[in-house]
Amino acid sequence: MARYLITSAIPYINGIKHLGNLVGSQLPADLIARYMRGRGHEVLFLCATDEHGTPAELAAAKAGKPVEEFCAEMHAVQAEIAKGFRLSFDHFGRSSSLQNRNLTQHFAGQLADNGYITEVAEKQVYSNADGRFLPDRYIEGTCPNCGYDKARGDQCENCTKQLDPTDLIEPRSAISGSTDLEVRETKHLYLRQSALKGELSAWIDSKTDWPILTTSIAKKWLNDGDGLQDRGITRDLHWGVPVKKGTEDWPGMEGKVFYVWFDAPIEYIACAAEWADANGKTDADWERWWRTDKGADDVTYLQFMGKDNVPFHTLSFPATIMGSGEPWKLVDYIKSFNYLNYDGGQFSTSQGRGIFMDQALSILPSDYWRWWLLSHAPESSDSEFTWENFQGSVNKDLADVLGNLVSRVTKFCRAKFGETVPQGGPTGEALIAELTTRLRAYEQHMQAMEVRKAATELRAIWVAGNEYLQSAAPWTVIKTDEEAAKGMVRLALNLIRFYAVISRPFIPDAAQTMMDAMQCDDWTWPDDVATALDTLKPGHAFTVPEVLFTKIADEQRAEWQARFAGIRA
RNA sequence: GGGCCUGUAGCUCAAUGGUUAGAGCAGGGCGCUCAUAACGCCUUGGUUGGGGGUUCGAGUCCCUCCGGGCCUACCA
């Protein structure tokens with residue numbers, strides 16, 4: 001038995017995420033977590049909400065609530081939706097937790113002690129009307145290059161020219177519209193990533209099996225221009241982890257907080273501590289997942305994220321760990337994803353375009369979404385959601401191939417032999433051979449985290465069941481050889497339980513329904529297919545389940561297509 | 001501007017430089033009647049974005065052009 005630490009990129013607190021966010025991190029992480037558990041491995045699967053930063057402050061203000069209250073509410077909302085999608089986190093934490101505050105301050109202190117922190121005085125735009133410093137992109141004005149009047153302080157969206165906020169003509173606050181802006185000097189802490197460049201490069205170079213998407217982004221940042229740059233890790237905000245050097249005050253840093261991207265990955269660690277605290281466990285219980293000097297040597301650590309998160313996970317966070325000089329576990333494999341597009345354009349949180357997680361669950365059960373999203377995961381390039389494709393996949397794969405198989409087997413048996421597994425002769429050698437080959441391929445794809453290929457193989461395994469029934473034809477055989485027909489049906493009933501076990505990572509609810517119908521609770525992974533298909537013995541009672549998957553009708557599809565075309569209400 | 005990814009059948013995708021470029025869906029035909037009008041079998045469909053090059057051999061490697069996308073360090 002191996003041990004797997006699995007983390008999903010932590011979703012930002014601000015609002016409900018769309019299906020593109022889901023398929024890029026939480027969902028594939030859940031797939032692998034469930035699979036590894038199914039294989040009998042010890043798994044700690046962690047996720048959290050990323051709560052600090054300017055957008056959270058602004059959203060809270062807009063909602064007329066204290067930011068702490070806003071975040072607590074949104075965390076509860078996201079936790080509920082995660083449950084709805086059956087995301088099997090061992091703990092769903094919060095980056096604003098006390099554990100993360102302490103740990104973030106601890107790391108900063110370690111980094112400072114080891115000489116990896118420098119203080120930099122810089123000039124930044126301050127808005128008197130808003131009473132806050134403005135990040136570059138929160139300043140708008142006219143582009144000096146093309147004259148576009150909604151250019152942002154970091155870049156003009158119209159002509160794509162990179163800008164400095166002071167370049168803008170007639171700059172104004174994007175928050176209040178105020179033009180009462182001034183440039184102030186402020187001091188910030190920088191993480192000296194440049195001093196760790198060699199170590200980071202060697203580490204990245206050693207990861208030859210990582211997705212190209214992951215390593216190419218890391219190498220770009222390492223080698224582009226002057227190489228890896230130091231990064232500011234503090235901000236002039238109220239909402240965040242107060243800047244401290246361990247437990248000591250940090251002179252000159254009063255009133256400042258750490259940058260969200262400094263404390264967010266540390267939450268992966270703090271979340272394990274939250275998990276321990278929430279479950280009456282000791283420090284040793286979580287440290288054995290994270291400290292290589294306290295038992296984490298045999299842990300394999302897998303991270304899942306969208307491509308926009310890659311620089312922070314390949315460089316900044318590892319730099320934090322390396323620079324601490326402490327034996328924290330570094331990630332072993334980073335699975336990164338491209339983006340999911342929606343009907344010819346992008347999913348957009350700000351424009352409310354596409355399907356959001358709560359909306360998805362309001363129209364169809366989670367398994368429908370899980371299956372489509374995972375079997376179309378944007379692994380090698382951006383992929384595209386269309387309602388036609390979704391309807392086709394769900395109806396064909398889930399309803400026709402798998403759902404109908406369960407129906408035909410259980411109903412045939414009930415009609416001919418009653419609701420118990422019949423006694424019959426041996427059968428199905430060819431099927432067992434095929435399933436064995438395909439199951440091994442499925443396992444390899446899951447181990448390699450090739451999500452699409454795993455889904456394809458799983459579907460082929462379902463199809464094999466229909467092929468078997470069609471060629472065995474118990475409905476014909478029963479007329480001349482009842483014993484043989486009974487053997488076929490017994491095998492087919494066992495096939496349902498077998499499918500429940502191996503399909504559970506993709507479609508946990510349907511798997512549970514299938515298992516319940518077989519009145520069984522044996523989720524043992526089928527290392528030997530022949531043995532697995534002999535689990536339900538003659539005389540074992542079963543029930544005919546409700547239809548596993550209802551098909552999506554054309555009218556429904558058209559209605560949803562229209563409903564989600566425009567702006568989110 | 002720079003870097004990276006990507007372009008393969010109507011659609012969604014496969015193919016360590018090595019047989020005749022393969023699957024699923026959609027389309028066509030046949031079979032079956034247990035089943036959610038479901039299932040199975042057979043089948044149509046390709047100048048691998050264009051052009052050039054390297055090689056005994058290129059979807060794959062190189063150059064170039066065209067299209068799509070992402071990143072470019074103070075959003076997260």
Side-chain angles (χ1 to χ4, degrees), chain A residues 9-14 50 52-56 58 122 124-125 133-139 152-155 160-162 164-165 174 188 193 211-213 215-217 219-221 223-225 228-232 235-236 259-261 264 306-312 315-316 338-339 341 346 349-350 372 375-376 378-386 388-389 392-393 395-401 403-416 452-453 455-456 459-460 463 465-476 478 485 488-489 492 546-551:
Chain A
I10 62 178
Y12 197 65
I13 189 70
N14 195 352
D50 176 18
H52 296 136
T54 306
L58 296 178
E122 53 191 27
Q124 190 166 1
V125 174
F133 282 94
L134 297 178
D136 290 356
R137 69 171 47 202
Y138 283 96
I139 304 161
R152 291 190 322 211
D154 55 343
Q155 185 172 35
T160 74
K161 185 177 173 61
Q162 286 176 58
D164 190 83
H188 282 297
Q193 299 185 137
I212 293 171
L213 185 64
T215 50
S216 67
I217 293 172
K219 286 177 180 173
K220 166 71 160 74
W221 281 58
N223 303 317
D224 192 42
L228 187 62
Q229 302 296 298
D230 296 340
R231 183 178 270 276
R235 292 290 183 274
D236 288 296
Y259 173 41
V260 285
W261 264 117
K307 56 186 166 183
D308 53 332
N309 277 240
V310 168
F312 302 99
L315 303 169
S316 306
N338 285 283
Y339 291 148
N341 290 321
Q346 293 186 347
T349 302
S350 56
W372 189 88
S375 61
H376 294 79
E379 289 177 301
S380 58
S381 66
D382 291 354
S383 65
E384 170 98 359
F385 177 93
T386 66
E388 289 83 357
N389 188 307
S393 292
N395 287 354
K396 196 69 195 175
D397 301 348
L398 296 182
D400 293 347
V401 174
N404 180 59
L405 176 73
V406 172
S407 287
R408 66 193 298 202
V409 169
T410 53
K411 288 181 180 173
F412 180 76
C413 185
R414 180 174 63 183
K416 303 297 181 185
R452 275 181 189 242
K453 287 180 182 171
T456 300
R459 186 190 189 281
V463 167
N466 281 312
E467 288 170 352
Y468 166 75
L469 271 189
Q470 200 64 34
S471 64
W475 49 87
T476 304
I478 192 172
M488 293 166 187
V489 170
E546 294 295 305
V547 165
L548 272 187
F549 299 98
T550 310
K551 290 198 195 194

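Note on naming: letters A, B, ... go to the chains in the order of the sequence lines (proteins, then strands), and numbering restarts at 1 for each one. Computation of the quantities below employed the complete heavy-atom set of this structure, encompassing side-chain atoms and omitting hydrogens, waters and symmetry-equivalent molecules.
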Tell which nucleotide pairs with [N], taking only Watson-Crick or G-U wobble pairs whose two distances are both under 3.5 angstrom.
N      : answer
G31(B) : C39(B)
A23(B) : U12(B)
G1(B)  : U72(B)
G7(B)  : C66(B)
U54(B) : none
G59(B) : none

Would the base of [N] count as contacting [X] through its side chain, where contact means a donor and an acceptor less than 3.5 Å apart?
X         : N      : answer
Asn404(A) : A35(B) : yes
Trp221(A) : A73(B) : no
Glu122(A) : C74(B) : yes
Gln124(A) : C74(B) : yes

(request) Check each of Thr410(A), Asn466(A), Leu548(A) against Leu405(A) using the side-chain contact (heavy atoms from CB on, under 4.5 Å) test, and report the only one that passes. (result)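 Of the listed options, the one satisfying the test is Asn466(A).
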(message) Heavy-atom nearest nucleotide on RNA chain B for Gly403(A) versus Ser216(A): which residue maps closer to 5'?
(response)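 Between the two, 5'-proximity favours Ser216(A).
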(request) Find which nucleotide of RNA chain B each of Phe412(A) and Glu379(A) is nearest to by heavy atoms, and output the residue with the more 5' nucleotide. (result)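 Checking each residue's closest nucleotide, the 5'-ward one belongs to Glu379(A).
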(request) Measure from the side chain of Ser407(A), starting at C-beta and using heavy atoms only, and say which of G24(B), A15(B), A35(B) lies closest. (result)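 Side chain of Ser407(A) sits closest to A35(B).
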(request) Looking only at side-chain atoms of Asp50(A), point me to the closest of A76(B), C25(B), C75(B). (result)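 Nucleotide nearest to Asp50(A)'s side chain: A76(B).
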(message) Can you classify the ring geometry of Phe312(A) versus Trp261(A) as parallel (below 30°), tilted (30 to 60°) or perpendicular (above 60°)?
(response)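 Correct class here is parallel.
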(message) Is Arg452(A) close enough to C13(B) that one of its side-chain N or O atoms is under 4.0 Å from OP1 or OP2 there?
(response)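 Result: yes.
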(request) Would you indicate, yes or no, if G68(B) has its OP1 or OP2 atom less than 4.0 angstrom from a side-chain nitrogen or oxygen of Tyr339(A)? (result)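 Checking Tyr339(A) against G68(B): no side-chain N or O falls below 4.0 Å of OP1 or OP2.
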(request) Provide the closest heavy-atom pair for His188(A) versus Gln124(A) in the form atom of the first, atom of the second, distance. (result)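 Where His188(A) meets Gln124(A) most closely, the heavy atoms are NE2-OE1, 4.2 Å.
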(message) On a heavy-atom basis, which atom in Pro55(A) and which in Tyr138(A) lie closest, and how many Å separate them?
(response)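 So the two residues come closest at CG-OH, 3.5 Å.
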(message) Distance check, rounded to the nearest 0.5 Å: Thr476(A) atom OG1 versus Met488(A) atom CE?
(response)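 Output value for this atom pair is 9.5 Å.
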(message) Nearest whole Å is fine: how far is A76(B) P from Arg231(A) CZ?
(response)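 Taking CZ of Arg231(A) and P of A76(B), I get 10 Å after rounding.
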(request) Mark this stacking check for Trp475(A) against C34(B) as yes or no, applying ring centres under 5.5 Å and ring planes under 30°. (result)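 Yes, Trp475(A) stacks on the base of C34(B), since the ring centres sit under 5.5 Å apart and the planes are within 30°.
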